[in-house]
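Since the structure comes first, as structure tokens, the remarks are kept for the end.
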Amino acid sequence: MRTLHFGLRVADLERSLAFYIAVGYEVIGSVPETAFGSLTMLKLPGDDFVSLELVHDPARSELEPGTRLNHFVIKVESMDAAIAELAARGVVAEPPGSPDDSMDFQTSWLTDPDGNRIELVQWPPGHADGLTAADWPE
């Protein structure tokens, strides 16, 4: 098994699309009317598959706490380059920090228009693309 994508409920589809496109996502397709609302499928340029689904129900312009998610994570090759590119697109990222006080392992945070938190991660050289059991040695 593997995670394919997750659905993120948004209050204003156009505002959210503008934000996620500025982050770097591409729109792949949409499903206009479902029991959840309209679904817009997004992926990052280097991905083969959809990784984010924006779920929008015009009848729910206010999002209740607990109906979205805590955060999701995007891997970047260079934190400095990613933050500069985002800034050029009008997306503000928090200053980067390092969970282990190194220059190789850095994280930063973005907040989308609905208050959803996005963590950017620059892994140290040789680290897998994602978290594995090796990140929690016994």
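In this text, all values refer to a predicted model and were calculated from it rather than measured experimentally.
Residues R117 and T111 are in side-chain contact: their nearest non-hydrogen atoms beyond the backbone lie under 4.5 Å apart. Between P113 and D12, the closest side-chain pair of non-hydrogen atoms is not below 4.5 Å.
Side chain of S108 to backbone of E94: a donor-acceptor contact under 3.5 angstrom is found. At least one donor-acceptor pair under 3.5 Å links the side chain of D114 to the backbone N or O of A11. Here the side chain of H56 pairs no donor or acceptor atom with the backbone of R9 at under 3.5 angstrom.
With no hydrogens or angles considered, a side-chain donor-acceptor pair links S102 and D100 at under 3.5 Å.
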Would you list the atom pairs, donor with acceptor, under 3.5 Å between side chains in residues 74-86 and any protein atom, with sequence neighbours excluded?
residue	atom	partner	partner atom	Å
K75	NZ	E77	OE2	2.5
K75	NZ	D129	OD1	3.4
S78	OG	A81	N	3.2
E85	OE2	R89	NH2	2.5

Please table the atom pairs, donor to acceptor, closer than 3.5 Å between any side-chain atom in residues 22-37 and protein atoms at least two apart or in another chain.
residue	atom	partner	partner atom	Å
T34	OG1	F36	N	3.0
T34	OG1	G37	N	3.2
T34	OG1	G37	O	2.6

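The shortest heavy-atom contact between S98 and F105 is OG-O, 2.7 Å.
Atom OG1 of T107 is separated from atom CH2 of W123 by 9.5 Å, given to the nearest 0.5 angstrom. Going from atom CG of L120 over to atom CG of L110 covers 4.5 Å, rounded to the nearest 0.5 Å. Interatomic distance, OH of Y20 versus OG1 of T40, reported as 12.5 Å (0.5 Å rounding). With rounding to the nearest 0.5 angstrom, the CG atom of L17 is 6.5 Å from the CG atom of L42. Atom CG of L39 is separated from atom CG of D57 by 10.5 Å, given to the nearest 0.5 angstrom. The CG atom of L54 sits 6.5 Å away from atom CG of L13, with the distance rounded to the nearest 0.5 Å.
Here D48 pairs with nothing under the side-chain hydrogen bond (donor to acceptor under 3.5 Å, both in side chains) rule; sequence neighbours left out.
With respect to R15 and D112, no salt bridge is recorded, no charged nitrogen being found less than 4.0 Å from a carboxylate O.
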